[in-house]
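In what follows, a single structure is set out as structure tokens and then discussed.
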Amino acid sequence: MEISIPNKHKDFFHNVYDVVRLIPKGRATSYGAIAKYLGSPKSSRMVGWAMNAAHQFSDVPAHRVVNRNGMLTGKMHFSSPNKMEELLRAENVHVKNDKIIDFKEVNWDPTAELEL
DNA sequence: CCATTGACTTAAG
DNA sequence: CCTTAAGCCAATG
């Protein structure tokens, strides 16, 4: 029987996964930052969609990807609604009221860090 | 093919 | 900082 892996080697999704894997521990980035790094600043939603499929990969720390406001918008998509928050907290990232405290300090911009 | 939805972003108040 | 409205793009029905 065939494996249910939806994709192969398109680009956007694969690209997103690569960037997310590069996010340092204890850091976080936003969907828009990734989208912008990929050349489509307006495709922030697509990044989120890609992350939804990213759960198939163990190397993609989706918990390090939050929205621009530092809010854990995707927490409900994890195995448990609290899983994302715990993962972040385990990396010394303080989360309060479903959003990252001092997000500006833990924010990791691929465009700046990777110096495209 | 058209309509709806969504792990978003930006702008305006 | 919070709310509302509009824009954007692909997947899904």
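Numbered from 1 within each chain, the chains take letters A, B, ... in sequence-line order.
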Q: Name the closest nucleotide to the A/His77 side chain, picking from B/dT10, C/dC2, B/dA7.
A: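 Between B/dT10, C/dC2, B/dA7, the one nearest the side chain of A/His77 would be B/dA7.
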Q. Which nucleotide in the list C/dC2, B/dA7, B/dT10 gets nearest to the side chain of A/Thr73?
A.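 Nearest to the side-chain atoms of A/Thr73, counting from C-beta on, is B/dA7.
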Looking for any heavy atom pair under 4.0 Å, which part of the strands does [X] touch: base, sugar-phosphate only, or nothing?
X: A/His63; value: nothing
X: A/Asn67; value: sugar-phosphate
X: A/Ser30; value: sugar-phosphate
X: A/Ala62; value: base

Q. Could you run down nucleotides 7-13 of chain C 5' to 3' and tag each one B, S or - for protein heavy-atom contact under 4.0 Å?
A. BBBSSS-
Q) Is the A/Tyr17 ring parallel, tilted or perpendicular to the A/Phe57 ring (thresholds 30°, 60°)? A)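 The arrangement is tilted - the two ring planes meet at 30° to 60°.
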Distance, rounded to the nearest Å, where [X] contributes [atom1] and [N] contributes [atom2]:
X: A/Lys96; N: C/dC1; atom1: NZ; atom2: P; result: 17 Å
X: A/Tyr31; N: B/dG6; atom1: OH; atom2: P; result: 15 Å
X: A/Met76; N: B/dT5; atom1: CE; atom2: C1'; result: 14 Å
X: A/Met71; N: C/dC1; atom1: CE; atom2: P; result: 10 Å

So, do [X] and [Y] sit near enough that their side-chain heavy atoms are less than 4.5 Å apart?
X: A/Lys25; Y: A/Ile23; answer: no
X: A/Met46; Y: A/Tyr31; answer: no
X: A/Pro110; Y: A/Thr29; answer: yes
X: A/Val95; Y: A/Ile101; answer: no

Q) Quick check: are there more than 12 heavy atoms from other residues, nucleotides or ligands sitting under 6.0 Å from CZ of A/Arg27? A)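 More than 12 heavy atoms, drawn from other residues, nucleotides or ligands, come within 6.0 Å of this atom.
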Q) Between A/Thr73, A/Val20, A/Val19, which is the residue that forms a side-chain contact (heavy atoms from CB on, under 4.5 Å) with A/Val65? A)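 Of all the options given, the one that passes is A/Val20.
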Pairs under 3.5 angstrom, nitrogen or oxygen only, protein versus nucleotides 11-13 of chain B, please.
none

(Q) Distance check, rounded to the nearest 0.5 Å: A/Ser30 atom OG versus A/Arg64 atom CZ? (A)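 Output value for this atom pair is 15.5 Å.
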Q | Joint hydrophobic cluster, A/Val106 plus A/Leu87, side-chain heavy atoms closer than 4.5 Å | A |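 Looking at the clustering, A/Leu87 is in the same group as A/Val106.
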